[in-house]
Amino acid sequence: SAVISQKPSRDICQRGTSLTIQCQVDSQVTMMFWYRQQPGQSLTLIATANQGSEATYESGFVIDKFPISRPNLTFSTLTVSNMSPEDSSIYLCSAGAFFGQGTRLTVV
Amino acid sequence: GQQLNQSPQSMFIQEGEDVSMNCTSSSIFNTWLWYKQEPGEGPVLLIALYKAGELTSNGRLTAQFGITRKDSFLNISASIPSDVGIYFCAGPTPQGGSEKLVFGKGTKLTVNP
């Protein structure tokens, strides 16, 4: 199993601003993943974060809106750019079958 | 894309009752995962299934990997109030190896004491 820590755990942000979410894994992993969970909904994969190469985005998600960094095998960041209220969601990172506790984002 | 159909959407039960929920897909899965999510938390892995027909238990939880590889169920026996939460099934997408997951819509469980 892996222990995954995310921060911040929650934030309230003004529209038009950006927020960077950090994800730390307690062991080296090849792939890390970022998911979005809209209010009352299930999890949807945003992108796969690969170390040493650009992230791979799922249909409906683009790099300009959700830039991702993966500087090493234990760390990744997801930025939610130019936020609008529609971006209010829980953002989760994962490695393998294990998830962080999520970042609850509210955009006002 | 690949979809997992999870049912029921919600359940309201009395403490002590048994619970059953299931997940089906039009595609074959090689792995089935069952998660529980509580408010303010990320999904926590309950049971992982890797082989068709496999039946695995974790305390009061039992899950089975259907022999067609297109379905799975999760049973909770003798429910208690702390079983409250949303239960998700998940499985890896064909393109994603074993790690890129698609999720069911979840079963919200309420247990009345």
Side-chain angles (χ1 to χ4, degrees), chain A residues 1-11 21-25 27-51 55-61 70 73 76 78 89-106, chain B residues 1-10 21-25 29-50 54 56 58 63 65 72 74 85-110:
Chain A
S1 67
V3 176
I4 302 175
S5 303
Q6 273 185 248
K7 56 181 181 181
S9 57
R10 59 176 60 230
D11 207 341
I21 302 167
Q22 298 179 9
C23 183
Q24 180 77 51
V25 187
S27 57
Q28 293 185 340
V29 293
T30 305
M31 290 190 285
M32 294 174 69
F33 302 88
W34 288 98
Y35 291 80
R36 181 176 72 183
Q37 186 176 27
Q38 294 177 300
Q41 303 296 314
S42 186
L43 283 76
T44 300
L45 182 64
I46 297 172
T48 304
N50 307 301
Q51 196 269 333
T56 307
Y57 289 83
E58 298 300 305
S59 175
F61 298 97
R70 182 80 198 275
L73 291 173
S76 178
L78 170 78
S89 293
I90 300 172
Y91 293 87
L92 298 133
C93 70
S94 77
F98 302 99
F99 284 80
Q101 80 275 26
T103 296
R104 182 179 294 271
L105 171 62
T106 302
Chain B
Q2 216 166 7
Q3 286 188 328
L4 293 180
N5 302 306
Q6 188 172 347
S7 64
Q9 192 173 11
S10 62
M21 60 192 78
N22 70 80
C23 207
T24 62
S25 171
F29 275 74
N30 293 317
T31 301
W32 284 94
L33 305 171
W34 284 94
Y35 290 88
K36 178 186 179 186
Q37 186 178 30
E38 297 185 35
E41 301 292 329
V44 173
L45 182 66
L46 299 173
I47 293 179
L49 302 161
Y50 300 106
E54 180 181 352
T56 297
N58 177 6
F65 192 143
S72 177
L74 175 71
I86 303 176
Y87 292 79
F88 292 99
C89 61
T93 61
Q95 308 91 329
S98 61
E99 299 185 49
K100 189 172 159 181
L101 301 176
V102 60
F103 280 77
K105 294 188 182 300
T107 296
K108 185 174 183 179
L109 178 63
T110 302

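Labels below follow one simple rule: chain letters A, B, ... track the order of the sequence lines, proteins then strands, and each chain is numbered from 1. We use all heavy atoms of the structure for the numbers below, so side chains are in, but hydrogens, waters and symmetry mates are not.
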If I compare all heavy atoms of [X] with all of [Y], which pair ends up nearest, and what's the gap?
X	Y	answer
A/Arg104	B/Gly40	NH2-N, 3.9 Å
B/Gly104	A/Ser42	O-OG, 2.5 Å
A/Ala97	B/Tyr35	O-OH, 2.6 Å
B/Leu101	A/Tyr35	N-OH, 3.1 Å

Below 4.5 Å, heavy-atom pairs only: which of B/Ala48, B/Ala90, B/Pro43 has the largest tally toward chain A?
B/Pro43

Heavy-atom proximity to chain A below 4.5 Å, by part of B/Gln37:
side chain

What's the separation between atom NZ in B/Lys100 and atom OG1 in A/Thr48, rounded to the nearest 0.5 Å?
5.0 Å

I'd like to know which of A/Gln37, A/Arg10, A/Gln41 tops the heavy-atom pair count under 4.5 Å against chain B.
A/Gln37

By a 4.5 Å heavy-atom criterion (distance strictly below it), what part of A/Leu92 contacts chain B: side chain, backbone, both, or neither?
side chain

B/Lys105, NZ atom: more than 12 neighbouring heavy atoms under 6.0 Å
no

